[in-house]
Amino acid sequence: MKKKALILVDHGSVVQEANDALVEVADIVTKKNKLDFDIIRYCHMELAKPTISQAFDDCVSQGACQIIVHPYFLAPGRHSKQDIPNMVKQAADGHPGVSYKVTEPLGIHEKIVEVILERVKDKQ
């Protein structure tokens, strides 16, 4: 059975609370996983661990043959368009036979607008 993995990647921070936020997001994604991912991991592009390479290696060691990487960034930019795909490719180079794709960042979406309005409403 081929296992599918999802890796969530944020920038990473020297502020632990910022890094912990991605852990919480990964926990929520794990609980709500309706896309049949067998493995869900999180990592940071820089400044914190686990790294992209570590998360990729972990997924492969758990039996993943297909890995989807999602940049947990709001807007497309150099990190989500260049840096993360390059880092994922480097990680994947050590695992021939494992396929991977990098998604678009969160971007513009009605649900994000709903969250913005919810946050604003809470402050009125």
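If you read the sequence from its start, that first residue is 1, and numbering goes on from there.
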Do [X] and [Y] have side-chain heavy atoms sitting under 4.5 Å apart?
| X | Y | value |
| --- | --- | --- |
| Ile67 | Lys101 | no |
| Cys43 | Thr51 | no |
| Gln54 | Arg41 | no |
| Cys59 | Ile7 | yes |
| Ile112 | Leu74 | yes |
| Thr30 | Phe37 | no |
| Gln90 | Asn86 | no |
| Pro71 | Thr103 | yes |

Closest heavy-atom contact between [X] and [Y]?
| X | Y | result |
| --- | --- | --- |
| Phe56 | Val88 | CE1-CG1, 4.2 Å |
| Ser13 | Ala48 | O-CB, 3.9 Å |
| Lys2 | Asp38 | O-OD2, 4.0 Å |
| Ala55 | Tyr42 | CB-O, 4.1 Å |
| Ala75 | Ser80 | O-OG, 3.8 Å |
| Gly12 | His44 | CA-CB, 3.7 Å |

If Ile, Leu, Val, Met, Phe, Trp and Tyr residues are connected whenever their side-chain heavy atoms lie under 4.5 Å apart, and connections chain through other members, are [X] and [Y] in the same group?
| X | Y | result |
| --- | --- | --- |
| Met87 | Tyr100 | yes |
| Leu106 | Ile108 | no |
| Val113 | Val120 | no |
| Ile52 | Phe73 | yes |
| Val15 | Val25 | no |

Rounded to the nearest 0.5 Å, what's the gap from [atom1] on [X] to [atom2] on [Y]? Could you check?
| X | Y | atom1 | atom2 | result |
| --- | --- | --- | --- | --- |
| Lys4 | Cys65 | NZ | SG | 12.0 Å |
| Asp10 | Asn19 | CG | CG | 6.0 Å |
| Leu6 | Asn33 | CG | CG | 7.5 Å |
| Ile28 | Leu8 | CD1 | CG | 11.0 Å |

Are there over 12 heavy-atom neighbours, none belonging to [X], within less than 6.0 Å of that residue's [atom1]?
| X | atom1 | result |
| --- | --- | --- |
| Tyr72 | OH | no |
| Glu118 | CD | yes |
| Leu117 | CG | yes |

Under 3.5 Å side-chain donor-acceptor pair for Asp20 and Gln16: yes

Steps toward side-chain contact (heavy atoms from CB on, under 4.5 Å) verdict (Val102, Lys89): CA-CA 10 Å; Val102 179; Lys89 182 186 179 317; over 6 Å; no

His79/His11 aromatic ring centres below 6.0 Å: yes

Taking only Lys NZ, Arg NE, NH1 and NH2, and the carboxylate oxygens of Asp or Glu, determine whether [X] and [Y] approach each other closer than 4.0 Å.
| X | Y | answer |
| --- | --- | --- |
| Arg119 | Glu114 | no |
| Lys31 | Asp27 | no |
| Arg78 | Asp83 | yes |

Full working for side-chain contact (heavy atoms from CB on, under 4.5 Å) between Val9 and His70: CA-CA 6 Å; Val9 183; His70 174 69; over 6 Å; no

